[in-house]
Amino acid sequence: MQNMLQAPFLLEFCRILDHMYRLGWAERNGGNLSVMLDEGQIAPYLDTKQVLRTLPIRLNVQALAGRFFLVTGTGCYFRNMLHDPQGNCGILRVSPDGCSLQVLWGYEPNGAPTSETLPHLMCHLARLQLDPGHRVVLHTHSPGLLAMTFVHPLDGRSFTRSLWQLNTECIQVFPDGVGVMPWMVGGTNQAAEATATKMRDSRLVVWPHHGVWGAGSTIDETFGLVETAEKHAQLYLSIAHLPRLQHLTDDNLRQIATHFGLTVREGLLV
Ligand code: 13P
Ligand code: ZN
């Protein structure tokens with residue numbers, strides 16, 4: 001067996017979490033990350049027949065049976081990931097009946113995956129049904145998007161438009177817009193289900209007064225998605241108090257969409 005601590009997928013995972021900590025997106029244990037892995041990726045590093053522990057899940061996710069996930073641990077700090085991966089994250093497999101998670105590696109000595117494991121799995125399921133290349137779900141407490149939820153109306157259409165109007169890049173990076181949830185208690189089945197439902201329409205979902213969820217095909221792409229929304233949320237806040245003289249119009253946005261062949265979610269442009 002090769003050394004798990006040198007597995008490229010684990011190093012990439014820990015590096016991006018460390019980066020998020022340094023950006024100020026991850027106070028204390030704030031945020032969590034899950035990446036779907038193929039058996040071929042992990043087989044050189046662990047015996048997939050050896051289950052260390054089994055943990056129950058509250059909702060059945062049988063559609064993900066047999067899938068492997070690298071997931072951050074609950075209560076774990078992103079800033080500790082690089083120097084202690086096995087204590088701060090782990091590899092799970094969804095059991096054949098979809099009622100439990102099999103720990104194959106990590107969460108040492110007796111930790112557990114994130115308290116948001118359910119919304120992660122349900123978002124994976126929602127996105128996989130739309131895109132077989134989907135792999136990554138990220139939840140983070142990035143401050144700009146979080147701050148925007150105090151001063152901006154909480155509806156996805158106007159939230160999306162406010163970001164799109166600021167930079168021609170925004171509609172290119174998230175042509176499916178941003179979903180905004182009503183406020184709910186995180187960690188509940190209801191919040192998990194509602195987040196996954198929103199994820200069907202937009203790969204970015206904002207949790208008011210809490211944080212944001214992003215989904216994508218790779219860690220870089222998913223991080224870049226959240227990073228683009230977050231940067232423009234900060235830009236929005238930096239000019240929100242000033243008289244607005246101009247911004248990108250719907251006509252401008254439509255021209256960008258046509259030029260780049262974007263599939264823009266219906267109903268977001270006038
Ligand atoms: P965990 O430490 O359980 O991952 O929770 C962090 C968080 O951001 C909850 O929303
Ligand atoms: Zn959170």
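Just so you know, ligand 1 is whichever comes first in the structure, and atom 1 is the first atom listed for that ligand.
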Any salt bridge between E169 and K231, counting N to O under 4.0 Å? no
Report the distance from atom CG of L101 to atom CZ of R67, rounding to the nearest 0.5 Å. 14.5 Å
Other residues, nucleotides and ligands only: do more than 12 of their heavy atoms fall within 6.0 Å of NE2 on H83? yes
Please state whether the rings of H19 and F223 are parallel, tilted or perpendicular, taking 30° and 60° as the class boundaries. perpendicular
Using a strict threshold of under 4.0 Å (side-chain N to carboxylate O), is an ion pair present between R265 and D176? no
Could you tell me the residue and atom name of the protein heavy atom closest to atom 10 (O) of ligand 1, and the distance to it rounded to 0.1 Å? E116 OE2, 2.6 Å
H139: numbered ligand 1 atoms lying under 4.0 Å from its heavy atoms: 8 (O), 10 (O)
Of N29, V185, V71, the one whose closest heavy atom lies nearest atom 6 (C) of ligand 1 is N29
For ligand 1, which is the ligand I care about here, please tell me if T74 has any N or O atom under 3.5 Å from one of the ligand's N or O atoms. yes
Taking N or O atoms only and a 3.5 Å limit, does G31 qualify as a polar contact for ligand 1? yes
Is it the case that more than 12 heavy atoms not belonging to Y21 sit under 6.0 Å from its OH atom? no
Does the side chain of Q234 pick up a donor-acceptor pair with the side chain of E230 at under 3.5 Å? yes
Below 4.0 angstrom from a heavy atom of H210, which ligand 1 atoms are there? Numbered from 1 as shown, please. 10 (O)
Measure the distance from atom 4 (O) of ligand 1 to every protein heavy atom, then report the residue, atom name and distance (to 0.1 Å) of the closest one. T114 OG1, 2.6 Å
If you count heavy atoms of other groups shown closer than 6.0 angstrom to CZ of R22, is the number above 12? no
Ligand 1 atoms nearer than 4.0 angstrom to some heavy atom of G75 are 1 (P), 2 (O), 3 (O)
Does N32 approach ligand 1 within less than 4.0 angstrom via side chain, backbone, both or neither, non-hydrogen atoms only? side chain
Can an N or O of C76 be found at a distance shorter than 3.5 Å from an N or O of ligand 1? no
Just to the nearest 10 degrees, tell me the angle at the Zn ion (ligand 2) spanned by H141 NE2 and H139 NE2. 110°
